[in-house]
Amino acid sequence: MVQIEIQADGSLFVVGVLSGSFVLAHINAGGSLDSSFGSGGMVLIQDNVVFRGGVNDGGIRLAVQSDGKLLTVGDASIGGTFQLRFRRFLPHGEVDTSFGSNGVRTLGDLPREFGYFSTGLAIAEPGGGFTLTAVSLFDGGTYLLLRVTSDGNLDPTFGGVGYVSGFDVGNPHDVPVRL
């Protein structure tokens, strides 16, 4: 199990990781799977970009948006190019085809040589986006904090570009110190 998000009605959304995929489950307040969500209460998503082989390759996090839609984020980095992959689901677990390309949006143009992995912290924001940490893939690197909106874009009100770092990645709000 990777994450549990409790809802106002006492129900839970659970995110779990399987080799090469992740599962979203909705559990009623009484503890039974919500049969109206996905297939028998669960949605299984194959994603060999985020999960490249092992169960701990990629981190995956969930934010429940104010309209009941679900947004997930995972690392889609390739060859030192840091990218995040977002998927959005409708409240009952169907893919939201109006989001990105058939429910999937990749956010690129992020500082190189960082990545978001299963050890990374991500906090679901009240507006349905995320604040998350990325780790450096180079010696002497430190933190990168990113804030992403509910539509999978960097939030420019955070650090002027959507991220701040403890390493100089070209953002004037970077604070080059180690945590």
Side-chain angles (χ1 to χ4, degrees), residues 1-78 82-107 110 114-135 143-155:
M1 202 170 340
V2 174
Q3 179 184 2
I4 299 172
E5 284 292 318
I6 190 164
Q7 303 306 290
D9 65 359
S11 67
L12 305 169
F13 281 103
V14 178
V15 182
V17 177
L18 304 170
S19 186
S21 60
F22 67 95
V23 64
L24 301 177
H26 188 232
I27 300 172
N28 293 314
S32 62
L33 284 170
D34 175 2
S35 61
S36 69
F37 182 79
S39 176
M42 296 186 284
V43 175
L44 179 66
I45 304 298
Q46 285 291 124
D47 193 335
N48 291 321
V49 172
V50 172
F51 302 100
R52 296 171 186 86
V55 294
N56 294 317
D57 283 355
I60 193 78
R61 290 295 186 265
L62 169 76
V64 181
Q65 301 183 326
S66 59
D67 58 3
K69 293 178 181 175
L70 308 169
L71 185 67
T72 64
V73 61
D75 183 83
S77 300
I78 298 171
F82 181 30
Q83 298 179 23
L84 294 170
R85 175 174 289 186
F86 297 90
R87 292 178 183 273
R88 193 162 67 189
F89 302 88
L90 298 174
H92 290 291
E94 303 89 10
V95 172
D96 181 357
T97 58
S98 70
F99 180 78
S101 175
N102 199 28
V104 178
R105 182 172 191 287
T106 300
L107 177 61
L110 300 172
F114 283 89
Y116 174 71
F117 302 101
S118 61
T119 56
L121 175 66
I123 303 297
E125 293 285 340
F130 294 95
T131 296
L132 53 94
T133 61
V135 296
Y143 67 91
L144 180 69
L145 297 173
L146 301 103
R147 183 159 295 152
V148 181
T149 63
S150 62
D151 59 358
N153 290 310
L154 288 172
D155 179 352

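The figures that follow rest on heavy atoms only: side chains count, while hydrogens, waters and symmetry mates do not.
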#### Entry: Partners meeting side chain to side chain donor-acceptor pair (under 3.5 Å) with Asp34 (sequence neighbours left out)
His26, Ser36
### Query
Taking it one step at a time, do Ile45 and Val43 satisfy side chain to side chain contact (heavy atoms under 4.5 Å, CB included)?
CA-CA 6 Å; Ile45 304 298; Val43 175; 3.6 Å; yes
### Message
Classify the ring geometry of Phe89 against Phe22: parallel below 30°, tilted from 30° to 60°, perpendicular beyond 60°.
### Response
perpendicular
### Query
Could you walk me through whether Leu24 and Val14 pass the side chain to side chain contact (heavy atoms under 4.5 Å, CB included) check?
CA-CA 6 Å; Leu24 301 177; Val14 178; over 6 Å; no
### Task
Could you pull out the closest heavy-atom pair between Ser150 and Gln65, with the gap in Å?
O-NE2, 2.8 Å
### Task
Report the distance from atom CD of Gln3 to atom CG of Leu62, rounding to the nearest 0.5 Å.
5.0 Å
### Sidechain-backbone polar pair: Arg87 side chain, Gly103 backbone, donor-acceptor under 3.5 Å
no
### Task
Could you grab the distance from atom OG of Ser39 to atom CG of Leu33, nearest 0.5 Å is fine?
10.5 Å
### Query
Is it the case that Thr149 and Asn153 place a side-chain donor and acceptor less than 3.5 Å from each other?
no
### Shortest non-hydrogen separation from Gly128 to Ala63 and the atoms involved
O-CB, 3.6 Å
### Query
Taking C-beta and beyond as the side chain, do Phe37 and Ile27 meet within less than 4.5 Å on heavy atoms?
no
### Stepwise side chain to side chain contact (heavy atoms under 4.5 Å, CB included) test for Phe86 and Leu71
CA-CA 7 Å; Phe86 297 90; Leu71 185 67; 4.0 Å; yes
### Query
Got a sec, which residues hit salt bridge (charged side-chain N to carboxylate O under 4.0 Å, His left out) with Asp96, two or more places apart in sequence or on another chain?
Lys69, Arg88
#### Entry: Flag side-chain contact, heavy atom, 4.5 Å: Leu84 against Leu110
yes
### Task
Output all residues satisfying side chain to side chain contact (heavy atoms under 4.5 Å, CB included) with Ala134, sequence neighbours left out; order by chain, then residue number.
Phe82, Phe114, Leu144, Leu146
### Contacts of Arg147 that satisfy salt bridge (charged side-chain N to carboxylate O under 4.0 Å, His left out) - sequence neighbours left out
Glu125
### Query
Which atom names give the shortest non-hydrogen contact between Leu132 and Ala122, and what distance separates them?
CB-CB, 3.8 Å
### Message
For Gln7, give me all partners under side chain to side chain contact (heavy atoms under 4.5 Å, CB included), at least two apart in sequence or on another chain.
### Response
Glu5, Asp9, Ser11, Phe13, Val64
### Query
What pairs with Val23 under side chain to side chain contact (heavy atoms under 4.5 Å, CB included), at least two apart in sequence or on another chain?
Met42, Leu44
